[in-house]
Amino acid sequence: MNFKFKFIKRAKELLEHKIFRYALILHSFYFILSIILFFSVYMEKNDFIIFYNVGKVFLSDIENLYNQTYYLWDFRYFPLSALFFIGFSIFNFESAFIIFNIFNVFLNILICHILYKIIMLVRYKDHEKDDKRVILYLCIYLMGLPHVLNYIYGQINLYITLFIVLSLYIFLKYKTLKWQFLGSLILGISIIIKPTAFFLIPFLTILNYNLEKRKLEFDLSRSVIRMLGVITPVLFNLIPFILYPSLLEGFLDTNFTGSNPIALNFSFSISKLITNFCYFFNIPFNQLIILIGVIFIIGGFSFIIFLIRRFEDNSIIYGYAFGILIMLLAYFDSWDHHLLNLTPILIIIVFNQPRRSNITKPIKLSLFFLSFFDLAFVGMWYLIYPLFPYNFEATFFLILAFYGISKHCLLKKYKKSKED
């Protein structure tokens with residue numbers, strides 16, 4: 001009863017904010033629009049078809065899990081991710097889609113709740129004491145256009161975002177080893193479902209090279225616990241790979257060596273821009289070499305910058321940002337709806353910085369562009385791709401966010417008393 005009273009009271013408080021009412025109306029429109037477009041246009045042209053079918057294939061014909069004749073587009077996740085979709089496959093397709101997107105709405109509520117708690121935990125001391133600005137940025141997240149495609153396509157990005165922000169909250173709030181293990185375990189489960197956070201793993205190590213003291217600082221126990229937690233769920237995928245060797249071949253072919261990474265599309269990753277360029281001008285290329293090269297460059301710079309960062313308190317926030325940026329900039333298929341995994345982290349960084357910090361300017365610019373303008377350039381790509389097949393606008397703003405985060409890591413001078 002007490003919880004119900006608090007919930008109603010908080011809901012009334014939020015509804016007093018005009019921006020929250022706008023966000024609620026707009027987000028509801030996104031959800032309703034997705035249902036209308038599903039039944040009128042996208043019933044046979046959405047990503048949920050893959051997730052719906054993969055649950056059935058896992059139970060009935062697991063060796064053909066990566067046989068693309070089962071799906072409209074490629075299924076490219078770890079084999080155990082199929083377990084997550086079995087529950088939806090027991091319904092008919094239309095009902096499953098509606099139930100799936102209703103879950104997405106509730107996930108957004110949970111994400112906003114956890115985001116609020118994280119922001120209040122890490123907010124820099126010179127920010128306003130009330131929560132009006134926090135609510136504003138949460139509304140920016142809810143009004144972001146990437147939600148449109150996420151709902152219409154029946155995508156699973158919000159499940160990943162929930163695990164990402166929940167694990168981050170645990171890392172920031174609780175320092176004991178059991179909580180550190182739980183946080184990394186949750187992150188590992190997210191990687192099983194969809195490996196968006198895969199490149200985040202190295203940034204879980206509590207490692208810092210102090211440039212002033214010329215000393216390497218390393219928390220062995222917490223780093224090992226975090227590694228064990230995040231890797232354990234991922235390693236369970238070895239079981240189906242060992243039992244069915246064809247699964248490993250299909251997984252590698254779909255993600256790295258097959259024809260899909262070569263295909264011309266509007267992905268904004270650096271790897272895809274390069275392959276689009278080579279494809280367009282008939283230049284021979286090896287997509288795996290391109291992928292490894294981009295990962296090595298972006299990932300290498302990210303880890304070096306993170307290693308020599310000049311602060312320690314809440315540093316894991318920036319490790320999360322680096323890890324997600326590496327995936328978005330390096331992997332072949334980075335779409336507008338994937339930005340829902342990054343924008344909450346950018347919002348947290350805005351509040352973790354001083355209120356008038358110049359460092360937040362590139363972060364804010366990136367946040368607003370990725371939330372409200374990138375989708376328009378996706379549409380533009382379809383109009384001009386026969387002549388100019390490069391969707392580089394989001395790439396620029398991702399690099400701009402990378403620059404802002406890197407600048408903070410390298411130029412932050414004040415000392416912190418707590419570890420990440």
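Remember, it's a predicted structure, so these values are computed and weren't measured experimentally.
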Checking [X] side chain against [Y] main chain: does a donor-acceptor pair fall under 3.5 Å?
{"X": "Ser366", "Y": "Phe397", "answer": "yes"}
{"X": "Asn208", "Y": "Glu217", "answer": "no"}
{"X": "Asn237", "Y": "Leu80", "answer": "yes"}
{"X": "Asn64", "Y": "Asn67", "answer": "no"}
{"X": "Ser334", "Y": "Ala330", "answer": "no"}

Going by distance alone, is a donor N or O of one side chain under 3.5 Å from an acceptor N or O of the other, for [X] and [Y]?
{"X": "Tyr141", "Y": "Asn108", "answer": "yes"}
{"X": "Gln353", "Y": "Lys364", "answer": "no"}
{"X": "Tyr331", "Y": "Ser267", "answer": "no"}

* Contacts of Asp336 that satisfy side chain to side chain donor-acceptor pair (under 3.5 Å) - sequence neighbours left out ->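 Asp336 satisfies side chain to side chain donor-acceptor pair (under 3.5 Å) with no other residue.
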* side chain to side chain donor-acceptor pair (under 3.5 Å) partners of Glu16, counting only residues at least two apart ->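 Glu16: no side chain to side chain donor-acceptor pair (under 3.5 Å) contacts found.
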* Which atom names give the shortest non-hydrogen contact between Leu211 and Arg310, and what distance separates them? ->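 The pair with the smallest heavy-atom distance is CD1-NH2, 3.6 Å.
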* Using the test side-chain contact (heavy atoms from CB on, under 4.5 Å), find all partners of Leu235 that sit at least two apart in sequence or belong to another chain. =>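 Testing Leu235 for side-chain contact (heavy atoms from CB on, under 4.5 Å), a comparison that skips the adjacent residues, returns Ile231, Leu238.
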* **Qualifying residues under side-chain contact (heavy atoms from CB on, under 4.5 Å), relative to Ile109, sequence neighbours excluded** =>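 Phe106.
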* **Ring geometry between Phe306 and Phe322 (parallel below 30°, tilted from 30 to 60°, perpendicular above 60°)** =>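 Phe322 vs Phe306 ring planes: perpendicular.
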* To do: For the pair Tyr390 and Phe277, name the ring-plane relationship: parallel under 30°, tilted 30 to 60°, perpendicular over 60°.
  =>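 Correct class here is tilted.
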* For the ring-ring contact (aromatic ring centres under 6.0 Å, His included) test, which of Trp335, Phe388, Phe392 pairs with Phe266? ->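 So, applying the ring-ring contact (aromatic ring centres under 6.0 Å, His included) to Phe266 and each of Trp335, Phe388, Phe392, only Trp335 qualifies.
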Greater than 12 external heavy atoms within 6.0 Å of [X]'s [atom1]:
{"X": "Tyr116", "atom1": "OH", "result": "yes"}
{"X": "Tyr22", "atom1": "OH", "result": "no"}
{"X": "Tyr385", "atom1": "OH", "result": "no"}

What's the spacing between [X] [atom1] and [Y] [atom2] if we round to 0.5 Å?
{"X": "Met327", "Y": "Asp333", "atom1": "CE", "atom2": "CG", "result": "11.0 Å"}
{"X": "Asn391", "Y": "Ile384", "atom1": "CG", "atom2": "CD1", "result": "8.5 Å"}
{"X": "Phe332", "Y": "Ser269", "atom1": "CZ", "atom2": "OG", "result": "7.5 Å"}
{"X": "Leu149", "Y": "Leu340", "atom1": "CG", "atom2": "CG", "result": "9.0 Å"}
{"X": "Ile326", "Y": "Leu398", "atom1": "CD1", "atom2": "CG", "result": "12.5 Å"}

* Pick one: which of Leu168, Asp313, Ile349, Asn314 meets side chain to side chain contact (heavy atoms under 4.5 Å, CB included) with Val122? ->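 The residue from Leu168, Asp313, Ile349, Asn314 that satisfies side chain to side chain contact (heavy atoms under 4.5 Å, CB included) with Val122 turns out to be Asn314.
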* Asked: Is any side-chain heavy atom of Leu15 closer than 4.5 Å to a side-chain heavy atom of Phe20?
  ->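 Result yes, sub-4.5 Å side-chain heavy-atom pair found.
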* Asked: Do Arg76 and Phe251 have side chains that get closer than 4.5 Å, going by heavy atoms?
  ->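 No, their side chains stay 4.5 Å or more apart.
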Does [X] have its ring centroid less than 6.0 Å away from the ring centroid of [Y]?
{"X": "Tyr169", "Y": "His113", "value": "no"}
{"X": "Phe48", "Y": "Phe100", "value": "yes"}
{"X": "Phe402", "Y": "Phe301", "value": "no"}
{"X": "Tyr66", "Y": "Phe75", "value": "yes"}

* Asked: Applying ring pair (Phe, Tyr, Trp, His ring centres under 6.0 Å), which residue pairs with at least one partner in residues 339-358 are found, sequence neighbours left out?
  ->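 Only His127-Phe351, Tyr137-Phe351 qualify under ring pair (Phe, Tyr, Trp, His ring centres under 6.0 Å).
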Quick one: side chains of residues 369-382, donor-acceptor pairs under 3.5 Å with protein atoms, not counting sequence neighbours, listed by atom name and distance.
unit_1: Ser371; atom_1: OG; unit_2: Leu367; atom_2: O; d: 2.7
unit_1: Trp381; atom_1: NE1; unit_2: Pro389; atom_2: O; d: 3.4

